[in-house]
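Chain identifiers are assigned alphabetically (A, B, ...) following the order of the sequence lines, protein sequences preceding nucleic acid strands; residue numbering begins at 1 within each chain. All figures in this text were calculated on a predicted structure; none of them were measured in a lab.
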Amino acid sequence: MAVDYIYPDYEIIRDYDRCIACRVCERQCANEAHEYLSDSKKMIADNAKCVNCHRCVSLCPTRALKIVKSDHTFKENANWTGKSIKEIYKQAGSGGVLLSSMGNPENYPVYFDKILLNASQVTNPSIDPLREPMETRVFLGAKPDRIERDEKGRLKKNLPPHIMLSMPIMFSAMSYGSISYNAHESLARAAAHLGILYNTGEGGLHEDLYKYGKHTIVQVASGRFGVHTTYLNSGAAIEIKMGQGAKPGIGGHLPGAKIVGDISKTRMIPEGSDAISPAPHHDIYSIEDLKQLVYSLKEATGYTKPVIVKIAAVHNVSAIASGIARSGADIIAIDGFRGGTGAAPTRIRDHVGLPIELALASVDKRLRDEGVRNNVSLVVGGSIRSSADVVKAVALGADCVYIGTAALIALGCHLCRSCQTGKCNWGIATQREDLVKRLNPNLGYKRLINLLTAWQHEIKEMMGGMGINSIESLKGNRLMLRGVGLNEKELEILGIKHAGE
Amino acid sequence: MKKSWKYWVSSMQENDNKQRCGGEKLKRVYVNEKWCLGCHLCEYYCAFASSNEKDMARALKDIRISPRIRIEEMDGISFAVSCRHCSEPLCVKGCITGAMTKKDGVITIKKDKCIGCYTCILCCPYGAVSPSEDGAIQKCELCIKTNSGVPKCVEGCPNGAIVFEERGE
Amino acid sequence: MREGMFRNISGCAISGIISRSGKRFSGKLIIDSISVMHERSNGLGGGFTAYGIYPEYKDYYAFHIFYDHRMAKKECEEFLEEHFDIINLSKIPTTKIPEIKDEPLIWRYFVTPLPTKLTDSQLDEREFVAKCVFRINTGIDGAYIFSSGKNMGVFKAVGFPEDVGRFYRLEEYEGYSFTAHGRYPTNTPGWWGGAHPFALLDYSVVHNGEISSYDANRRAIEMYGYKCTLQTDTEVITYIIDYLHRKIGLTLKEICSVIAAPFWSTIEGKPQKEREELEYLRNVFDSKLITGPFSIIVGFEGGIMALNDRLKLRSMVVGEKDDMVYVASEEAAIRVIQNDLDKVWAPKGGEGVIVTLEERKV
Ligand code: SF4
Ligand code: SF4
Ligand code: SF4
Ligand code: SF4
């Protein structure tokens, strides 16, 4: 029906004075937006097919292309926005749930951007990271609440299993299947090189990547895809995924089109079948059940690996976290509502969950108030965009952060948010061989190393400015933070003062 | 009989290996067919490099390029072919005027000496030599005449499918 | 505004003296030492800790208390009577001098916990006493216990340290060790409780510096029932030391490896056993690491410990003569009382100097 026609959101603008008709754009667009007209020797484009991924823009050798937001508009309406209207057309046409990917793009407050950091002046010298040691090493895991000594009076190592990281950053769970083998390999190699960990996500672990086990977190999600004893024992830590920030309350969804070849083998499911994880773990309906799963995983790995429980930040996150801190888990990972995903129902992505800053602040406080903060380490994710976000998260109380989207951007992702189509032009969120090839892990892993080396350096500079030379002294050091433009309640929850106070 | 891409690639690699084993320490363009996307950008950067223009649009607008590196596409695989700078170069051997010479491991052409007999074109097993518009032949000279650093094709390749490096044994 | 309503940071002078043989000497010596560093104080706080001064009451906790008004005294004494056996109580003797103004009521009590109360609480004796001190300091408006150890006492006021010493007639006390503090706060507190040393039970701390890890340390230590009401570095350092030493049972040397931990690069160069131990301490007690400039002298029953931050961002010198050990921010403050030293040195950052009475082990 004609009413379903929607004018494209973006337009491909080609400067014909610059276009040399090399057809690179045509070859590189998996959405087939560009076409070469051989009779007129001219390129044309179909805006409707463009998802605004910038692949053609980045590769056009003469810089002849740009993508602009269409100025086509509905009659101005502050309530019925063009977006709302278009979504109704789509659903009236398809009868389906709207799907989208990556993190929540809506205009909710970003608290990190309303927090400022401190620096030393006069009474306390700042420290220059180029001249003095500046330490970013962190340990994750439970800490014993008392010491034990042997008969000679020496301290016994009564430490539960833990992991050591060169900096408080890890790559968050992104499954093999939702992202490509090359993306996984890039993450694994970068993690190994940097002395941090990456996370398999819920799709199992490709056998070629077992060799990076010391730098791998193996995830167990409600679908239990690819989970077996060897898998559990191959990593440095095990993560139970209870929820995900982009879609709290529902399970993972990998369309059958992405279940091909090695992916079906790794996940241990037939080719072409949709991989749909149940919303809950069907063996976990309460906190006692979680405890049982934690201990069965510990049993399966001989109590040698810390267990992480990952939850989405939801309204009563601090009560949930406090329960988890008593369930035998060693680490709690909290994923904020801006966390990315390969596919999620749009309404859930955009309307469910909590900002990670608030969730972190209240969980950290709650665990301290209850005296169980040392039972667990806290890892937070859900849109950590820069080293400044890392520093702020640590000062709010996190032991470490998870980055997902930032890592993908380093690999080339341009946040076109169409991962669910499986046609990622950057070779990341796709399984199409010709597209996967576009991400060369030999280049990709170096870009990840570059990014985190740069971040680590910036973290050190910010710490040095505050007169802190070891990351432990930043953890939970909320006096180093001040809010700008926040109301009393927000400041109270964040546990920080307003700028100027 | 049409040869498969594997034959092509392995014969090029064999040639590369031979030179390395011959102890020639020289940075050269190596091909990683695994990562070649068939985007043809290398060809355009090559054509631009030899154009003496500052702007690619000006250099290449409305012309048919004739690059010194070419993308071969067969069996769904693509890979770049350019001069291997062989240790026993047939083109140099075949050249009747001495226009083709090898200096510091790079095979170059003295345009003023070339009389356009195309013997070298026939000799080169990789098809890396081709006629040029000025009557003489043209071939990849690793951008030494135009660009001091990395060959332009390598610089322009988005996926590391061609690299310019010195490889040890 | 009074201390505790804002975070008060200060630069300072510190000094400490101990006789290893346990020989008791007069408080005059420490006054002479700290007064040399007059320039490092600004008259907004000074104080002393003296160990071994109450031998006749050595089995009793000596509470030194400031009262803002009589009501506070009444309420506090009711609480004390309910929880303790009060053996002796008196005003702390002072001399009125023009330099020291606005003094509160200053009282001293020798007490021991009531056995029934102690049993009911199911706490060990020292924890019981510490809890009661917190109860009074946070719960009774206008009452503040600033000294609560056995056979020791803190004497502090708003003023220059040498005047504070004269005010409390410190020269009349004899002890085996003394520490002193002159304060240079960047804010004006004007409250006596805010002066230093800060003490809990027999642990006392004098501190020069401004730590940048303050809030990380504060939030970590408050998890174990401590309340940082004064918002000063000294307070949080005292609690950390009390926690690690009394509650956890680390040795003083181990405590140095926690609060001024060696850098990872140093740890990696150590022999395996030591490396593992240092790594364990840094991992388990991570949030008790103190960063930023500090030099501290910790007093405790039977000894003192001097420690600098890991980068040694504050000066500190140690001198020895026979059985006497002297520590001060400046060498001059040692020379003025003992010019003929056997040995003088500046300890490295993070290297604790622990001096104990000869008959004791810590
Ligand atoms: S989808 Fe991407 S590659 Fe295709 S036209 Fe749009 S921006 Fe270019
Ligand atoms: S990539 Fe650029 S120059 Fe090449 S055809 Fe497309 S628009 Fe034209
Ligand atoms: S530029 Fe690189 S990827 Fe593209 S065709 Fe040439 S060699 Fe292949
Ligand atoms: S032109 Fe051909 S024969 Fe000559 S050196 Fe190059 S590859 Fe070898």
Side-chain angles (χ1 to χ4, degrees), chain A residues 118 120 122-127 132-139 141 143-149 153-159 162 164 166 364-365 367-374 394-395 397 399 463 465-481 495-497 501, chain C residues 6-7 9-11 184-186 209-225 231 233 244 247-251 254 257-259 261-267 273-274 276-294 309-311 313-314:
Chain A
N118 192 22
S120 314
V122 186
T123 54
N124 174 342
S126 42
I127 304 169
E132 305 283 357
M134 188 61 72
E135 304 182 312
T136 57
R137 179 184 296 185
V138 290
F139 293 94
K143 301 197 190 300
D145 49 12
R146 58 200 175 83
I147 55 163
E148 292 166 48
R149 295 191 187 268
R154 272 197 303 257
L155 288 168
K156 276 201 211 161
K157 279 178 82 185
N158 61 344
L159 203 61
H162 60 271
M164 186 177 102
S166 63
D364 178 62
K365 179 166 188 305
L367 297 185
R368 284 171 193 265
D369 287 351
E370 297 184 359
V372 293
R373 180 65 181 81
N374 280 346
V394 172
D399 289 274
M463 279 167 46
M466 298 177 211
I468 287 175
N469 58 14
S470 193
I471 194 94
E472 300 98 299
S473 296
L474 180 64
K475 189 176 81 182
N477 196 336
R478 296 190 185 174
L479 259 187
M480 292 295 165
L481 305 174
I496 61 176
K497 292 182 175 173
E501 269 189 89
Chain C
F6 58 94
R7 173 145 159 74
I9 50 187
S10 29
Y184 201 131
T186 45
E210 181 195 338
I211 61 176
S212 42
S213 54
Y214 176 76
D215 215 31
N217 299 141
R218 176 187 69 82
R219 297 186 68 230
I221 202 69
E222 287 195 343
M223 251 174 58
Y224 309 108
Q231 299 192 40
D233 295 347
L244 295 175
K247 293 202 181 169
I248 293 292
L250 292 184
T251 64
E254 285 163 346
S257 303
V258 168
I259 64 181
F263 288 99
W264 288 116
S265 50
T266 314
I267 292 177
K273 271 253 166 297
E274 198 183 340
E276 281 178 6
E277 188 176 304
L278 289 168
E279 188 177 306
Y280 173 90
L281 289 171
R282 275 199 77 171
N283 182 349
V284 175
F285 301 106
D286 62 343
S287 49
K288 281 81 180 177
L289 172 72
I290 299 173
T291 56
F294 68 83
D309 64 270
R310 54 213 305 244
L311 283 180
L313 294 169
R314 281 287 187 273

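- The part of C:L281 that comes within reach of chain A is its side chain, from C-beta onward, which places non-hydrogen atoms under 4.5 angstrom from that chain.
- C:E279 contributes atom CD, which lies 9.0 Å from atom CG of A:L159 (distance to the nearest 0.5 angstrom).
- Checked by atom type and distance alone, the side chain of A:R373 never pairs as donor or acceptor with a backbone atom of C:M223 at under 3.5 Å.
- Contacts with chain A were tallied for C:R218, C:E222, C:E276; C:E276 has the most, counting heavy-atom pairs under 4.5 Å.
- The heavy-atom pair separating C:V284 from A:K143 by the smallest distance is O-CD, 3.3 Å.
- For the residue pair C:Y224 and A:N374, a side-chain donor N or O sits within less than 3.5 Å of a side-chain acceptor on the partner.
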May I have the step-by-step check of side chain to side chain contact (heavy atoms under 4.5 Å, CB included) for C:D286 and A:F139, ending in yes or no?
CA-CA 9 Å; C:D286 62 343; A:F139 293 94; over 6 Å; no
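- Here the closest non-hydrogen pair linking C:A216 and A:S473 is CB-O, 3.5 Å.
- Note on A:E472 versus C:R310: no salt bridge recorded, every NZ/NE/NH1/NH2 to OD/OE distance being 4.0 Å or above.
- Heavy-atom pairs under 4.5 Å with chain A were tallied for C:E277, C:R282, C:K288; the largest tally goes to C:R282.
- Interface remark: C:I248 contributes backbone and side-chain atoms alike to the contact with chain A (heavy atom separation under 4.5 Å).
- In this structure, chain A has a heavy atom under 4.5 Å from the side chain of C:K273, while its backbone stays farther away.
- The candidate with the highest count of non-hydrogen atom pairs below 4.5 Å against chain C, out of A:I468, A:I127, A:N469, is A:N469.
- Atoms OG and CE, from C:S213 and A:M480 in turn, are 8.0 Å apart once rounded to the nearest 0.5 Å.
- Taking C:D309 as the reference, nothing meets the side-chain hydrogen bond (donor to acceptor under 3.5 Å, both in side chains) condition, with sequence neighbours excluded.
- Taking C:G249, C:G292, C:S287 one by one and counting their heavy-atom pairs under 4.5 Å with chain A, the maximum is reached by C:G249.
- Per-residue heavy-atom pair counts under 4.5 Å with chain C were compared for A:R368, A:H162, A:K365, and the maximum is reached by A:R368.
- Residues C:T291 and A:S470 share a closest heavy-atom pair of CG2-N, 4.2 Å.
- Both the backbone and the side chain of A:N158 come within contact range of chain C, judged by heavy atoms closer than 4.5 Å.
- A:P133 approaches C:L311 most closely through the heavy-atom pair CD-CD2, 4.5 Å.
- With chain C as partner, the option from A:K157, A:R154, A:R478 having the largest number of non-hydrogen pairs under 4.5 angstrom is A:R478.
- Between C:T251 and A:R149, the shortest heavy-atom distance links the atoms N-NH2, 3.8 Å.
- Among A:G141, A:G476, A:A395, the residue making the largest number of heavy-atom pairs under 4.5 Å with chain C is A:G476.
- Looking at every heavy atom in both residues, C:Y280 comes nearest to A:I147 through OH-CG2, 3.9 Å.
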